[in-house]
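Please read the structure below before turning to the comments.
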Amino acid sequence: MITDGDTGTGTDGDRRYAGGDRDATRNWVAEQLRAGERITGAERLRGGWTARMRRLRIEGPHGTRLLVLRSFAEPFYRRHAPGLLGREAEVLRLFAGTEVPAAAFVAADPTGEHCDHPSLLMTHLPGEVRLDDAGAAARTGPLARQLLAVHRLPATGAARPRAYQPWTAPDRVRVPEGTRRPEVWRRAVDVIRRDAPAHRACFLHRDYHPGNVLFSGDAHAPRITGLVDWVETSWGPADLDVAHCSTALALLHGPAAGLAFPDAYRAAGGVLAPDRADRLYWRLLDALAFAPDAEKVAVPWRELGRTDLTPGVLSERLETYLGLLLDRLGGGDGHGGGRPGGAGPGGAARTSG
């Protein structure tokens, strides 16, 4: 999830990125450029959580172009960088010549052998991340249609990504301290104690949400110009990608926005699990991974201007969303509809699920 940030000059405008041998990264990037090109500027791109993102200005005999450098600096992500960056590099190569609005792969140093941190260099995409409530409803349709296009990508043999990995489990869910509705959390956790439902697998972005989508155009007619952050690309049920975007929308714009997204996906031609219990499983498996207060996404969202999304607000929205899912798909009383935050720009709270 990236957007423009602090502007700098030279080979690295962000001094916070100066850890390690900065010259090594600069030299490696220079080796990937075309003859006669040089790095003339860099900007930190705000809104990321797992990686440090930098937009590089490249000038040469044929004009100016922009590249983006993704680097993993935190110890946890450095350890996993070979798999994460290797997977993203493969996916970006796969997208060459397709209609998926993804960056073009330039080069990768997934082990950090040549750079100060494991890094991937790619082309820059136009557009901006839009997380504000204004225009959220107008973005729902494009989000759904673009996700369906990803799910329809053919991937066989070596081109098929790894099988999906769940991001939580019953014994790993962190219930918010002081919750007034512990029964909602208990019931939600009980739903995911079963084995994963049988499903028809497809190509998954796996981290598809508004923070990883770039838009252009005005608020009433938004157009998607880029999808970013492909490090978690997987093979699994469409329900899981739909669930992830739904949870993010519920947190950003209110639970009703999350409840509306699966209907938008189906309206675009997407197919979800026919069984309500199976759909509930996938929605809760994703939503519970955000507990207790969605901090992993909240930090970059607040950095991008959504300072209203405090831990308390996000915890309340998540809890309300869980209750509404249990009401609509679980056949029981999750007491979701009577709590604050049930409405939002995504539409009315009553949806088919």
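Every value quoted in this text rests on a predicted model; they were computed, and no experiment measured them.
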Task: Glu295/Arg302 under salt bridge (charged side-chain N to carboxylate O under 4.0 Å, His left out): CA gap, chis, key distance, verdict - done: CA-CA 10 Å; Glu295 187 67 8; Arg302 289 193 285 266; 3.4 Å; yes

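- Between Phe203 and Phe95, the ring planes are tilted. Angles from 30° to 60° get that label.
- For an aromatic pair to be called close, the ring centres must be under 6.0 Å apart, and Tyr164 with Trp282 satisfies this.
- Residues Glu128 and Ser216 have side chains not in contact (no heavy-atom distance under 4.5 Å, counting atoms from C-beta outward).
- His205 and Asp241 share no side-chain donor-acceptor pair at under 3.5 Å.
- Put simply, the side chain of Arg279 gets close to the backbone of Ala273: a donor and an acceptor are under 3.5 Å apart.
- Within the cation-pi definition used here (under 6.0 Å to the ring centroid, within 45° of the axis), Arg206 does not qualify as a partner of Trp235.
- Within the 4.5 Å cutoff, the side chain of His151 has no heavy atoms near those of the Tyr208 side chain.
- Side chain of Ser71 to main chain of Arg52: no donor-acceptor pair is present (N/O by atom type, distance under 3.5 Å, no hydrogens or angles).
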TODO: Test Arg162 against Glu232 for salt bridge (charged side-chain N to carboxylate O under 4.0 Å, His left out), laying out the working first.
DONE: CA-CA 9 Å; Arg162 65 172 184 172; Glu232 295 289 354; 2.7 Å; yes

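- Taking 4.5 Å as the limit, every side-chain heavy atom of His117 sits out of range of all side-chain heavy atoms of Phe72.
- Judged by a 6.0 Å distance limit and a 45° cone about the ring axis, Arg130 is not positioned over the six-membered ring of Phe215.
- Here the side chain of Arg317 pairs a donor or acceptor atom with the backbone of Leu251 at under 3.5 angstrom.
- Of the N and O atoms on the side chains of Thr247 and Asp286, at least one donor lies less than 3.5 Å from an acceptor on the other residue.
- In Asp308, the CG atom is crowded: over 12 heavy atoms of neighbouring residues, nucleotides or ligands sit closer than 6.0 Å.
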